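Please read the structure below before turning to the comments.
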Amino acid sequence: VISNFSSSPSKTAPPVSSARTACRRPGAVPHCRSASGGECGCGGTTTWGGLPAGPVERSEHEHAPWEKKVDAILRLLVAKKIMTLDELRRGIEELGPGAYDELSYFERWIRSIANILLEKGVVTVQELATAIEAAKARRAAAEACPKTLPAP
Amino acid sequence: VTGPRFRPGQAVRVKALFPPGHCRTPFYTRGKRGRILDLVDVEPDPEERAYGRPGLPAVPVWRVVFDQHELWPDYGGPARDRVIVGIFEPWLEPLEDGA
């Protein structure tokens, strides 16, 4: 999804021919390794190509409403020049070695977005904590009486 | 600001640097030899923009062609197999042909 509104290097043409496929699959992959096997220090998620991995899962899936909302939030933040895609990427890298194993694609996005907005002072920890609790309460209420939907 | 340093067909090497922080150069290309295909664009530097700075002056981005055998010593495919990677100019250094 990032490539939809990123200008580079995603313009790059696909490999002329490639037996190896860039590793994007969540799995037991080291966070970041240089070709020689040592720590490379550079952010991990851009540097996974060629590391051992299983087959690439190509199946399409429907996005959940919350995932679409995350995408919309990011697009707005970028359009309003509050943050950049490069900051999003850096924020994902800074989630740490386990993030790719433990979090889904849009979970990584929203965690990165939250951290970047905290860093920039757009939101405060208290505001975020309060909003998360309020969202949890709304969900609990909706699950308690699922038939209570607004009239059409 | 000087213009783009390279020309299509020119032999280059990706710098073998492994800094902390955000960068877009895949590790498997670092220190490897390739050839300039063409100029993709001139863009604000993502290594600066990742930290909230403007990343100006903008940096040329080149498409660089690598032989798979150059990138992967144990590559088992045909010798003609190549891969094209977009790389920001500060990561590239010119290489004498045949070097």
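From a predicted model like this one, the values you see are computed outputs, not experimental measurements. Within every chain, numbering begins at 1; the chains are lettered A, B, ... in the order of the sequence lines, protein sequences first and strands thereafter.
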- Message: Please determine whether residues A:L74 and A:V122 belong to a single hydrophobic cluster, defined as Ile, Leu, Val, Met, Phe, Trp and Tyr linked transitively by side-chain heavy-atom distances below 4.5 Å.
- Response: yes
Counting heavy-atom pairs under 4.5 Å with chain A, the top scorer among B:P46, B:P44, B:G31 is B:P46
- Message: Keeping A:E87 on the side-chain end and B:Y51 on the backbone end, is there a donor-acceptor pair under 3.5 Å?
- Response: no
- Item | Donor-acceptor contact below 3.5 Å, side chain A:R90 vs main chain B:H22 | no
So SG of B:C23 and CD of A:E93: to nearest 0.5 Å the spacing works out to 7.5 Å
hydrophobic_cluster_shared for B:V42 and B:L56, side chain cutoff 4.5 Å: no
CZ of B:R24 to CG of A:D86, rounded to nearest 0.5 Å, is 6.0 Å
Between A:V125 and A:I116, is there shared hydrophobic-cluster membership here, with clusters defined by ILVMFWY side-chain heavy atoms closer than 4.5 Å?
yes
A:K120 atom NZ: more than 12 heavy-atom contacts under 6.0 Å: yes
